[in-house]
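Values reported hereafter were calculated over all heavy atoms of this structure, with side chains retained and with hydrogens, waters and symmetry mates removed. We count ligands from 1, going down the list as the structure has it; atoms in each ligand are counted the same way.
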Amino acid sequence: MEITELLKKMTLRQKIGQLTQYNARLFLNDDSYITGPDKKLNLSEEDIMLTGSVLNFFSAGDMKKIQKKHLENDPLGIPVIFMLDVIHGYRTIYPIPLGLSCSFDPELAKSCASMAAKEAAASGVQVTFAPMADYVRDARWGRIMESGGEEPLLSGMMAAAQVRGFQGEDLKDNEKLAACVKHFAAYGASESGRDYNQAECSVRELYDYYLPAYKAAIDAGAKLVMPAFQSLNGVPATINPFLYKVLRGEWGFDGVVISDYNAIGELIKHGVAENEKEAAAKAFSCECDMEMCSATYIHYLEELINEGVVSEKQLDKAVYRVLELKKELGLFEDPYHGADEEKAEKLYLCEEHRKLSRAAAENSAVLLKNDGVLPFDKNIGSVAIIGPFADEHGINGFWSCAGKNEDTVTVREGIEALLGRGRVLCAKGCGCEWDDKDKSGFDEAVALARRADAVVPCLGEPQNYSGEGNCRTDLRLPGVQEELAALIASANPNTAAVIFNGRPLVLSAIDECIPAILDMWFPGTEGGNAAARLLFGQANPCAKLAVSFPRSTGQVPVYYNHTMTARPHFTEKPEHKGYTSDYIDCGNLPLYSFGHGLSYSRFEYIQMTLSGTELKEDGAITVSVNIRNASDIDGSEVVCLYMRDPVASVVRPVQQLVAFEKISVKAGETAKAVLEVTGEAVKFTDGEGNRIFEKGEIVLMVGCPGAYLLKESIKAV
Ligand code: NOJ
C-alpha cells in the first residue's frame with residue numbers, strides 16, 4: 001500500500017480520525033459506548049468509527065473484536081493501531097525499570113523487553129508506551145520507579161536496550177512492538193517531587209542530564225515520542241517550542257508524536273489555551289501528531305484548516321507518519337499482527353519467561369549492607385520471615401500491565417520452596433500503610449525471631465505508593481515498620497532485611513539496627529524465589545544502585561553527580577561547621593550512593609592501564625582494569641569508570657560516569673574490564689546550549705563514588 005496514494009483517497013475527516021486515540025471501552029460496549037467519563041468527550045458514532053488508534057484493552061479477543069468491526073466499516077480498510085503501557089512485562093512481570101537499571105546490564109533489559117513484547121503482541125498490542133527515559137533525582141516523585149535513575153548515560157543505555165528489545169529488527173515480526181519513548185522532556189524535574197508539577201531547568205541541565213536518555217532511545221530507533229504532562233520553563237511540554245526544536249530539528253525525529261492522556265485538553269487547565277479549539281491549534285502547530293483521549297482534534301481540526309489556522313499540508317504530514325507506522329508494523333497485510341489468544345495463554349508465565357524474570361530480579365537486587373550475616377546457610381535449622389512483605393503477593397510494582405498479584409511468588413513461598421516448609425516460620429508483625437499504627441502483632445513477631453536461627457524482616461512500601469500520581473513527602477518505611485525491625489534485630493542478631501520499594505527509601509533506622517539489607521525493589525513474578533536464592537547464597541548479588549538513597553527526606557534531591565560548591569563539607573553524620581554547605585541535623589552524603597552495591601565475592605581492583613594520556617576531541621582512550629576475585633565465591637562485578645574535570649569554564653560535576661562493564665570473575669581468578677573514555681564523553685554544555693570540548697586535565701577514577709580504588713590523570717588536548 002502506497003501511503004501517498006492512500007492519502008489522496010482520504011477525506012479530511014478520515015485523515016483527522018487517524019490522529020485520534022481513545023479507550024477500548026468506547027468500542028466494546030456496543031449499546032452504551034458513550035457513557036460515564038467518555039460522555040464528556042462528546043463523540044459522535046461517526047467520530048468513533050473514524051478513530052485511528054485504541055489504548056487500554058487487555059486481551060487479543062477484545063482487540064480482534066474492535067479491529068474486525070472497524071475494518072467492516074472503514075471503506076479504505078485502514079486498520080486501527082493498538083497501544084498499551086507495557087512497561088516491565090505483560091503478564092509475566094520483571095523488575096520495575098529503576099530496579100532493572102541497577103543491573104547495569106542493557107542486554108538483560110533488552111531480553112526482558114523482548115519477552116514482554118512477545119506476550120503483549122500475542123495479546124493484541126502493537127505499540128508500547130515505553131521506555132520511560134525521564135532523568136530523575138527526586139525520590140519523592142512516584143514515577144521514579146519507571147525511570148533508569150540519576151545517571152544519564154546508564155538511563156540512556158537501558159532505554160535504548162529496551163527499544164531494541166521491544167522492536168527487534170523488523171516491526172512486521174508479529175512478536176515485536178513499536179516503542180514510544182516518553183515523557184519528553186524533564187518530567188522527572190517536576191518541582192517538589194509532586195507529579196504533574198512544573199519543571200524549571202536550564203539549557204545546560206537539559207542537554208547534560210535530562211535529554212540524553214531520550215536521545216539514546218531515539219537513536220536506537222524508537223518509533224514514537226510522547227511529550228510530558230508538565231510545563232517546562234513556563235510552557236507545557238505538549239506545546240513547548242524548545243522541545244520540538246530539539247526533537248524534530250536537532251535530532252531529526254520524523255516519527256509519530258502522540259500526546260499524553262488528555263494532555264491537549266489539559267492545555268486549558270494549564271492556562272495556555274482558552275478553549276479546545278485553541279488547544280488543538282497550538283498542539284497541532286507544534287507537530288504533536290496524535291491526540292490521546294481528549295477530543296480537540298476531532299472536533300476542531302477541520303474548522304482550523306478551513307480557517308487557514310493550520311494547513312492541510314501539515315495534516316497530511318501527520319497522517320503520513322501515522323500510516324507509515326501502521327505500514328511498518330505490517331498492519332495493512334495483517335491488521336491483527338499475530339494477536340492470538342491461545343499463543344498468548346501459552347506464553348504467559350511460561351517456564352522460559354519465569355526464568356528470565358527470576359534472573360532479572362536476582363541481577364537487580366542490591367545488597368546494601370552485609371556485616372557478615374549473608375548468605376545464610378541453607379542447612380540452617382529454622383528461619384523466621386517477618387513483616388508486611390513476608391507473604392505479600394503485591395510485589396510486582398505499579399505498571400504491571402496484565403500481571404496478577406496471585407501469580408507472583410512471595411518471599412515465604414520462595415524460601416519454603418528452597419528449604420522445605422518445616423523450617424520456615426512466618427508472621428506479619430504489622431502493616432505497611434503510612435497511617436498503620438497497629439502494634440498488636442509485635443509480640444508474636446519477636447517470639448518467632450527469638451525462636452528462629454535466622455530472621456528475615458520483609459519491609460517496604462506498598463506497590464501503589466509509587467507510579468503515576470503517587471508521590472510521598474516522607475521517604476521512611478511507612479507505619480511502624482522501623483520499630484518492628486529494631487525489636488526483631490535485638491531479639492536475634494542473625495537478621496537480614498529484605499526491602500520492597502518503588503523508590504529510594506530512607507533506611508537510616510534500618511541501617512542502624514539490622515546487620516544486612518537486601519533491596520529487591522518491586523521484583524515481579526519471581527520476586528520471592530529470587531530473594532530466597534540471594535539470601536541463601538544460591539545466587540550472588542551483583543547489582544549497583546542506579547540512584548542514591550538519602551539519609552533523610554530533607555536531603556532530597558541528593559545525587560552523586562552534583563557540582564562542587566566553594567564551601568563543601570561532605571560528611572556522613574551531622575558535623576555542622578557553619579558557613580559550609582551542610583546541614584545542622586544531618587550529614588550531606590547519601591546513606592547509599594549511586595554505584596554502591598555489595599557482593600558475596602571480594603573483588604580487588606589491582607591495576608588500571610591506559611592506552612594513552614592525551615585525549616583528542618574525536619579520539620578515545622582505552623582503560624583496562626584488572627579485577628581479582630579474592631574470595632571463594634564466583635561473582636560478577638560492575639566495573640565503573642568515572643571522570644572529573646577539575647578546572648573548566650563552568651562548574652562541573654564532582655564525578656561523572658563515563659563507561660561501565662559487567663564482568664564475571666571466578667573465585668580466585670582475575671579478569672579484565674575494558675572501558676573507553678571518548679572526547680565526546682568529556683564534553684559539556686555551555687549556557688547557550690553548545691557542546692564544548694575544553695583542553696586540560698581530566699581525572700579518571702575506577703570504583704564507586706566515595707570509594708575510588710584507582711585513579712589516573714589524562715589531558716584533553
Ligand atoms: C498517562 C501516563 O503519563 C503515560 O505514561 C501513559 O503512557 C499514558 N497515561 C497511557 O496510559
With only distance considered, is [X] within less than 3.5 Å of ligand 1 through an N or O on each side?
X      : result
Tyr261 : no
Trp399 : no
Glu146 : no
Tyr187 : no
Asn56  : no

Problem set entry | Worked check of salt bridge (charged side-chain N to carboxylate O under 4.0 Å, His left out) between Asp289 and Arg248 | CA-CA 12 Å; Asp289 304 306; Arg248 299 285 198 199; 2.8 Å; yes

Problem set entry | Ligand-side contact atoms (ligand 1) for residue partner Phe229, heavy atom cut-off under 4.0 Å | 1 (C), 3 (O)

For this session: Indicate, as side chain, backbone, both or neither, the part of Met132 found under 4.0 angstrom from ligand 1 when only non-hydrogen atoms are considered.
Result: neither

Is it true that [Y] and [X] share a donor-acceptor pair across their side chains at a distance under 3.5 Å?
X      : Y      : value
Glu119 : His353 : yes
Tyr214 : Asp134 : yes
Lys176 : Ser114 : yes
Ser294 : Glu266 : no
Asp208 : Tyr135 : no
Glu205 : Ser202 : no

Problem set entry | Residue and atom name of the nearest protein heavy atom (relative to atom 7 (O) of ligand 1), distance in Å to one decimal | Asp85 OD1, 2.5 Å

Problem set entry | Distance from atom 9 (N) of ligand 1 to nearest protein heavy atom, with residue and atom | Asp260 OD1, 3.3 Å

Problem set entry | Met83 touching ligand 1 at heavy-atom level, < 4.0 angstrom | no

Problem set entry | Identified side chain to side chain contact (heavy atoms under 4.5 Å, CB included) counterpart of Met83 within the set Asn56, Val54, Ile258, Val125 | Ile258

For this session: Between Glu468, Met226, Lys182, flag the one that comes closest to atom 2 (C) of ligand 1 by a heavy atom.
Result: Glu468

